[in-house]
Amino acid sequence: MYPALEVVTNIRLLVLGPGDRDADIQCHLVQAQMGPRSVPYEALSYCWGPASEGRTVTCNGEIVSITDNLHAALLQLRQTDVERTLWVDALSINQQDDREKTQMVLRMRDTYASARGVIIWLGLGDESSQQAELAFTLLSRLATTYISYNKDERYRGWLIQEYQTKRASWWPEFRAEVHAATEALKISSESWAALGSLLWRPWFYRIWVVQEAVMAGLNDPQHPAPVFVCGRCAIGWDTFIAPLLGLRILDLDYQLWSHIPKTHVNPALAKPFSGGINMIRNIVKLRLEGIERLWPRRFYDLLRLTKTMDSTDPRDKVFALHGMLVPDQIAVLDNSLQPDYAKPLDQVYMDVAKHFILKQHSLKLLEMVHDNPRHHTDLPSWIPDWKASSYTSPLAEFRYSAGYRVGSTDTISEVVSEFEESFLAGARQSVALLPGNRPIATISNDGKLLTLQGFMLAPITCAVPDASELTPDMLRVPDIPRHSPWFQRLASHTVYQNILAAVNTLDPSCTQDTREDGQICWDLPADDVPYDGGGTLIEALWRTLIGDRNEGITRPQNDEWQASFMAFDQWRRLSCFCQKHQGSVKGPVPEGLDAMAARFDSAMRRIAPGRRFAIVAEQLLCWVPQRANTCDFIIVAHGSDIAHVVRRRPGADHVFELLGGAYVHGFMHGEAIRKFNVQTQSIVLS
């Protein structure tokens with residue numbers, strides 16, 4: 001079935017024979033050269049899905065087993081009277097030949113870029129999507145509304161320039177107008193639920209689809225944009241993505257979850273409801289980079305952007321990114337990072353870590369270590385387990401232009417003023433970042449130990465339980481399902497009150513109030529209580545809650561964002577989270593309160609997932625990994641952007657496990673040495 005490729009640059013195309021809906025699938029493979037004179041073909045982007053014993057096709061006269069999802073796609077895409085030429089990875093590549101797989105991975109970029117069309121198959125339109133037709137109809141209605149605003153020169157590009165849009169002077173008024181236009185559509189709960197369920201489909205979480213969608217048709221501007229197909233429903237690229245980008249920038253994406261009826265809440269869902277929207281946003285931005293050649297994509301950026309994605313072969317969490325790098329970036333990669341399916345998994349992940357730490361002289365990769373369950377337990381704690389999909393945002397995220405290099409004449413104070421969301425925790429303030437200030441790191445010969453030079457600052461003295469540790473019985477609502485949106489709101493309220501309780505240990509004058517529904521509300525710290533890291537305690541609190549950054553551009557302005565925080569706190573106090581109210585707001589809501597509170601809540605939701613609030617050295621407020629607890633230590637490694645949390649290994653006083661990154665308010669800009677007057681020491685991570 002798979003004779004050797006006649007020319008090394010050839011690919012195999014699947015010629016799908018015509019047939020009626022219920023007829024067996026007949027197809028054959030042909031070889032074709034890549035390039036301008038290539039045979040016209042369409043490329044299929046889909047999720048393999050679980051293996052199936054009963055689904056087969058006849059290919060080149062042989063019976064071949066395929067997955068249920070691919071079988072359904074071929075049935076739907078088959079013409080009744082003519083052949084259709086496709087590129088389908090499961091059949092076009094000899095999956096039993098590691099050498100061929102390696103070669104084809106290197107060609108995947110051109111395979112999709114040269115296709116005359118790319119079909120994105122989301123699956124059958126069965127009940128799990130609550131009617132794909134309903135979801136696609138909603139997308140079409142929203143797209144008509146949102147795209148229409150691009151006709152006004154003032155708002156052109158508002159859907160794709162999220163950060164610039166939110167900083168524009170016209171944004172508040174424009175946002176209110178588009179909100180009203182969305183409300184005027186009178187979208188039903190069933191429609192919101194249908195779209196929300198559609199975005200939970202496996203395609204939105206598969207690593208390979210990022211490259212497939214990003215590169216689709218880029219070699220020829222005349223080629224049509226990708227088309228989304230679900231069952232017998234189809235919708236164009238712009239009509240699909242515009243509503244999702246609009247919902248996100250308008251902070252309306254919560255509609256996709258909150259309108260799902262309680263009877264449809266699936267406790268098995270492990271993905272956040274916003275995952276599909278985030279993936280589409282990343283693909284759109286990467287496509288723009290490819291089309292407009294704005295800047296080269298760095299390997300680290302791609303690892304960060306795709307950390308939530310899944311793959312059948314865990315090595316593909318690394319290999320699938322190779323095709324999205326421009327030649328200049330590929331040239332700087334170590335040869336060990338070339339796709340090679342003969343290499344074992346642990347070696348692939350180890351090679352990535354060594355490349356960044358030893359070759360790039362960067363500790364950025366340590367920011368990708370989170371304390372979520374590790375699938376590959378033999379890996380040292382300091383090597384990210386890329387197989388374990390993480391929804392915790394790295395603290396030093398720079399959107400799509402992350403990883404800038406500071407020149408030798410730039411001082412820390414100059415850099416902080418220009419890029420204030422960059423947490424230069426491991427560098428001395430007012431000291432130039434000379435080449436000699438690179439991280440000092442060594443890796444043992446067996447690859448198990450990473451030794452850093454840095455500072456062991458202080459232990460965690462208080463750790464607030466996060467929402468995942470709360471149960472309905474603990475919150476006195478045993479009849480509410482733990483995975484329902486109403487329980488999540490109640491748990492969120494409880495965590496916030498626990499945070500205030502912890503912070504108020506630093507202000508003994510604070511009091512608490514018990515509401516009629518039994519929920520405790522703590523007062524905020526007094527305005528004049530000082531914070532050990534500088535400023536006041538209340539300012540330190542709200543800056544810590546949002547990681548001391550606004551929508552992702554600059555350090556928040558004091559007056560504006562403190563007002564948003566006060567609105568957020570007031571909204572929390574007005575909210576009634578008991579079961580009978582199911583998350584509704586109790587009492588009159590002051591005008592504008594919702595919008596101000598939502599802005600702060602949105603910023604907080606960027607940093608809070610996967611972390612818990614804590615206090616260090618009984619005086620400093622921080623976010624730490626979920627698994628971190630009292631007696632774990634905060635460290636700052638020389639040359640690291642952020643602080644980290646480590647745990648002492650049992651029986652090894654000087655060897656530590658790395659739990660993840662930490663935000664500690666008051667020394668995220670190089671203040672560690674001045675505040676703690678500590679000496680550099682060797683820190684060994686295993």
Side-chain angles (χ1 to χ4, degrees), residues 161-168 171-172 174-176 179 245-255 257-258 272-275 277-278 281 304 367 391-400 402 419-423 464 466-467 488-489 492-493 495-497 499-500 503 524 535 538-573 575 592-614 621-624 642 661-666 668-669:
Q161 298 173 353
E162 177 178 351
Y163 300 103
Q164 294 89 330
T165 295
K166 288 189 173 181
R167 296 180 70 192
W171 170 243
F174 176 77
R175 181 178 184 271
H179 259 275
L245 298 177
L247 291 174
R248 176 181 171 82
I249 196 171
L250 293 167
D251 296 319
L252 289 174
D253 48 356
Y254 71 88
Q255 300 274 16
W257 169 258
S258 62
F273 73 91
S274 59
I277 291 182
N278 290 338
R281 181 193 62 165
R304 176 176 58 82
E367 300 166 11
Y391 295 90
T392 302
S393 299
L395 287 172
E397 280 194 338
F398 289 100
R399 308 191 312 274
Y400 293 96
F419 297 95
E420 290 185 336
E421 75 272 33
S422 168
F423 300 136
V464 175
D466 75 297
Q488 297 301 322
R489 291 170 185 162
S492 175
H493 169 77
V495 169
Y496 176 66
Q497 290 304 317
I499 288 174
L500 292 186
V503 171
L524 294 175
I538 190 168
E539 181 183 356
L541 170 59
W542 67 257
R543 287 192 180 277
T544 302
L545 288 177
I546 59 175
D548 202 17
R549 63 178 182 178
N550 54 23
E551 286 91 342
I553 295 295
T554 59
R555 191 167 183 257
Q557 294 296 317
N558 197 344
D559 294 343
E560 178 186 2
W561 275 85
Q562 181 147 329
S564 291
F565 170 60
M566 300 304 289
F568 171 81
D569 181 75
Q570 187 179 358
W571 183 85
R572 287 284 187 182
R573 294 174 189 278
S575 298
L593 182 68
D594 276 350
M596 294 178 68
R599 184 188 188 194
F600 191 89
D601 183 61
S602 177
M604 183 174 169
R605 283 190 283 114
R606 285 189 166 192
I607 190 172
R611 296 188 174 92
R612 65 169 60 188
F613 193 90
L621 309 183
C622 60
W623 285 108
V624 297
I642 63 172
Y663 172 88
V664 185
H665 191 70
M668 297 306 288
H669 298 298

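Counting from 1, the numbers follow the sequence of the chain as shown. Predicted, not measured: the structure shown is a model, and the values here were computed from it. Computed over heavy atoms, backbone and side chain alike; hydrogens, waters and symmetry mates excluded.
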S.K.: Could you tell me whether the side chain of Phe174 reaches within less than 4.5 Å of the side chain of Leu250, counting heavy atoms only?
M.R.: no

S.K.: For the backbone of Thr544 and the side chain of Trp623, can you confirm whether one donor and one acceptor N or O come within less than 3.5 Å of each other?
M.R.: yes

S.K.: For the pair His665 (side chain) and Arg543 (backbone), establish whether a donor and an acceptor sit closer than 3.5 Å, ignoring hydrogens and angles.
M.R.: no

S.K.: Do you know which two heavy atoms are closest between Pro172 and Ala168, and how far apart they sit?
M.R.: CD-O, 4.1 Å

S.K.: Closest heavy-atom contact between Leu621 and Phe613?
M.R.: CB-CZ, 4.0 Å

S.K.: Flag the pair Arg611 / Val624 as yes when at least one side-chain heavy-atom distance between them is below 4.5 Å, and no otherwise.
M.R.: no

S.K.: Have a look at Ile546 and tell me which of Phe600, Phe568, Phe565 forms a side chain to side chain contact (heavy atoms under 4.5 Å, CB included) with it.
M.R.: Phe600

S.K.: Taking the side chain as every heavy atom from C-beta outward, state whether Asp601 and Tyr496 have any atom pair closer than 4.5 Å.
M.R.: no

S.K.: Any idea which heavy atoms bring Asp466 and Val495 closest together, and the distance?
M.R.: C-CG2, 3.9 Å

S.K.: Closest heavy-atom contact between Gly661 and Ile642?
M.R.: CA-CD1, 3.8 Å

S.K.: Which atom pair, heavy atoms only, marks the closest approach of Gly547 to Tyr663?
M.R.: O-CE1, 3.7 Å

S.K.: Is any side-chain heavy atom of Asp569 closer than 4.5 Å to one of Trp542?
M.R.: no

S.K.: Are any non-hydrogen side-chain atoms of Ile499 and Leu545 less than 4.5 angstrom apart?
M.R.: yes

S.K.: Looking at every heavy atom in both Leu245 and Arg281, which two are closest together, and how far apart are they?
M.R.: CD2-CA, 3.8 Å

